[in-house]
> 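If you scroll down you'll find the structure; I have some questions about it.
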Amino acid sequence: MKRTVLILMVLAVALAPANAVEKPDKHRLVVMTDIGGDPDDQQSMVRFLLYSCDFDVEGFCTGFGHGHYKNTRPELIRKAVEAYGKVVGNLKKHRSDYPPAESLMALTKDGHNGDPHKVGPGMDSEASEWIIEVLEKDDPRPVWFSIWGGPRELAQAIWKASQTRSAEQFARLKSKIRVHSIADQDRTAGWVKENHPDVFWIFSRTLFRGIWKEGDQAIVSPEWLEKNVRTGHGPLGPVYPAKASGKDGVKEGDTPSFLYVLPDGLSDPEHPEWGNWGGRFQKSGRGSEYIPAEDWAGSRRDMLYTIHRWRNAYQNEFQARMDWCLQPFDKCNHKPLAVCNGDKSIKIIRLSADPGDDVKLSAEGSSDPDGDKLSYKWWVYKEPGTCWADVALRTISLPQTVVVVPQKASGTTIHVILEVIDSGEPPRGRPALTAYRRIIVKVSGEPVDVPAVVGPDAEYLGKPIRKLGGPRRLGRWTFYRGINLNGPAIQIDGNKWEGDDAANFVCKNRPVNSPDVRLWPATDEKRAKMIHSFRWDRNPSIKITSVPNGKYAVYAYLWEDNNAETFDIFIQGRLIVEKFYSGVEGQWRRLGPWIISVADRTIEITTKGGAANFSGIEIFKSVTGAGTR
């Protein structure tokens, strides 16, 4: 019988006064930067200084990264901090907890100006020694390392501590390390993961590009940057370079590493799978490493969308904080306070429910320091949850809503996001700002088996795929051929596939085998072996000849072994898939069926626009009387 759940929140604030706003503990954070290479590090430094009030900043460590292995440039950090020092007095009118410029200046520590890829005796630096000192402070909180270049200084600190501390001391030191690494830009990242797989490590491979790529380009454009950051905002604005490597305007590829740690009610950085302004991640299967995950952007999954889905909010807030550099409090906008079910903290709210329950949520009590009018947005963030069924909300734009828990949601979690948005004053240039709360509903009972077809959400569930059939609802078909590109003859789904040496088959693309990449989703051993062996090219061509004329259903296995690519797929010269996105490392798909009529005894598949990895081609032939579409 359906009932209304009375929300019980087990929160530490229960004993606080009803009107108190709990101040969250700040995260300890060390920035490690290859500043002096791509100017986007200087861009990120400007934004970071505007957020220095949100962290306990414990270091600026120079180092090296991709394309920058000559000399460290600590003076560029000092230049930015010096400009910050000229506006911090005004910034304090908006947030009293901005740190003094002098304290930030003292935290600048220079890295090793030798081999950027090695650790060991004689490789210590001011930065690596400082990192050990920070980790050994009498402070139980973990230390987040926002790594904008390579992690060598951290790796050297780990090596040094392993040699000079007791096993117990070293284990305690390592347990405090939290890494958010932008692209692992030197080889010591691999050394840490191989020798110390227990180190918590978020590896933002390519996902970080979501800070500027795709999405709304107007608010990362040179024009937006010039108007809202570089001019008319005091001495900090001109420190922000007008362009970076390969991108005019806002690039800031390193910024997601600290936006991820912001205490804003949206997430908990200890849970990379939940997602926030810095992206969303999943376990790689290698120790404590996390790699990019994907969210659904319309009808396709996209890792960059895990960041740029929040772009309007994080750019508005950047604009507002630049205004704080010169303007008084009453001329600027400030983020509202989001209250959920009476809770004024930013802690994640955890609730329990039964299948079929109605869960009441209320944003009553939310407020704005500037007296702006508030609007509300409730939505279900499906990807971080485990509920495959669609979850309804009774309202999405009122202060109250009701989460209708599906009967089939037993044993799952549902993530609900509350956004409280102030009105701002766009005509006067005051951008609207957003405050967040995340509510996680844990549904009782044992999980229900996922149906064979649950729409596009089936893929992200990660349910192992053991068997795939042929075309459905298209008539009668019989297996014709399967070809294992760059692999031997093999049996898949009970059908005998030919190897790469098959007759009447032409593919000259480069052969590659990557057996150690974890597949997503998991699959049976034989299919995995077929996927791991593949051929790749930027303009691949796969041709099957001597095909009897008739109607065929064609499937293609594509997968991603490292960095995501986007390309168009053609069959018989006809565009069949536009802007296919290859996905995160290890992700594979069997695309199709593509129904074609063969009149020239040839089936040809090609792509344009990006490097494609083809693992297998599977073809079914129409039996007499087969349907068409």
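One-based numbering along the sequence shown. The analysis underlying the following values was restricted to heavy atoms, covering all of them including side chains, and did not include hydrogens, waters or symmetry mates.
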> I'd like to know whether Val179 forms a side chain to side chain contact (heavy atoms under 4.5 Å, CB included) with Ile147, so could you lay out the CA-CA distance, the side-chain angles of the two residues, the decisive distance to 0.1 Å, and finally the verdict.
CA-CA 7 Å; Val179 171; Ile147 304 182; 3.7 Å; yes
> Decide if atom NZ of Lys174 counts as having more than 12 heavy atoms of other residues, nucleotides or ligands within a radius under 6.0 Å.
yes
> Considering only NZ, NE, NH1 and NH2 on the basic side and carboxylate oxygens on the acidic side, decide whether Arg141 and Asp25 come within less than 4.0 Å.
no
> Apply ring pair (Phe, Tyr, Trp, His ring centres under 6.0 Å) to residues Phe281 and Phe203 and explain how you reach the verdict.
CA-CA 9 Å; Phe281 303 85; Phe203 176 24; 9.5 Å; no
> Closest approach of Ala155 and Trp191, non-hydrogen atoms and distance?
O-CZ3, 3.6 Å
> Just checking, any donor-acceptor pair under 3.5 angstrom between side chains of Asn563 and Thr206?
no
> Does one side chain, of Trp201 or Asp184, offer a donor that lies under 3.5 Å from an acceptor on the other?
yes
> Quick one: do Glu289 and Lys193 make a salt bridge, cutoff under 4.0 Å?
yes
> Indicate whether the side chain of Asn513 and that of Ser533 have a donor and an acceptor atom separated by less than 3.5 Å.
no
> Run the ring pair (Phe, Tyr, Trp, His ring centres under 6.0 Å) check on His180 and Trp144 step by step: do they pass?
CA-CA 7 Å; His180 190 124; Trp144 284 89; 7.7 Å; no
> Looking only at side-chain N and O atoms, does Tyr69 offer a donor or acceptor that is under 3.5 Å from a partner on Asp186?
no
> Could you go step by step and tell me if Phe48 and Phe60 meet the ring pair (Phe, Tyr, Trp, His ring centres under 6.0 Å) rule?
CA-CA 11 Å; Phe48 178 80; Phe60 295 108; 5.8 Å; yes
> Taking everything shown except Lys213 itself, do over 12 heavy atoms lie less than 6.0 Å from its NZ?
no
> Is the count of non-hydrogen atoms from other residues, nucleotides or ligands lying under 6.0 Å from Arg590 atom CZ greater than 12?
yes
> Do Thr72 and Asn113 have side-chain N/O donor and acceptor atoms under 3.5 Å apart?
yes
> How close do Asp264 and Ile346 get, heavy atom to heavy atom, and via which atoms?
N-CD1, 4.0 Å
> Would you call Arg95-Asp54 a salt bridge at under 4.0 Å N-O?
yes
> Evaluate the ring pair (Phe, Tyr, Trp, His ring centres under 6.0 Å) criterion for residues Phe170 and His196: first the C-alpha distance (whole Å), next the side-chain angles of each, then the deciding distance (0.1 Å), finally the verdict.
CA-CA 11 Å; Phe170 181 52; His196 304 281; 5.5 Å; yes
> Under a 4.0 Å N-O cut-off, is there an ion pair linking Glu565 with Arg538?
yes
> Begin from the C-alpha positions of Arg527 and Leu519 and carry the test side chain to side chain contact (heavy atoms under 4.5 Å, CB included) through to its verdict.
CA-CA 10 Å; Arg527 193 188 321 272; Leu519 294 182; over 6 Å; no
> As an exercise, state the distance from CZ of Phe570 to CD1 of Ile605, rounded to the nearest 0.5 Å.
13.0 Å
> Going through the distances and angles, do Arg28 and Val134 end up as a side chain to side chain contact (heavy atoms under 4.5 Å, CB included)?
CA-CA 9 Å; Arg28 303 172 68 195; Val134 168; 3.6 Å; yes
> Under 4.0 Å between a side-chain nitrogen and a carboxylate oxygen: does that hold for Glu270 and Arg178?
yes
> What closest approach, in Å, do Ala127 and Glu153 show between heavy atoms, and which atom pair accounts for it?
CB-CG, 3.9 Å
> Report the residue from Asp41, Asp40, Ile35 that forms a side-chain contact (heavy atoms from CB on, under 4.5 Å) with Trp148.
Asp41
> How about Tyr436 and Trp310: does a side-chain donor come under 3.5 Å of a side-chain acceptor?
no
> Can you establish whether the number of heavy atoms outside Lys137 located under 6.0 Å from its atom NZ is more than 12?
yes
> I want to know whether Tyr557 and Phe534 have ring centres closer than 6.0 Å.
no
> Please determine if Glu317 and Arg321 form a salt bridge, counting it only when a charged side-chain N lies under 4.0 Å from a carboxylate O.
yes
> Dump the intermediate steps for salt bridge (Lys or Arg N to Asp or Glu O under 4.0 Å) on Glu585 and Arg286, then the final yes or no.
CA-CA 13 Å; Glu585 176 184 309; Arg286 298 180 291 267; 3.5 Å; yes
> Using every non-hydrogen atom in the two residues, find where His233 and Cys325 come nearest and quote the distance to one decimal.
O-CB, 3.4 Å
> Of the non-hydrogen atoms in Gln185 and His66, which two are nearest, and what is the gap between them?
OE1-N, 3.1 Å
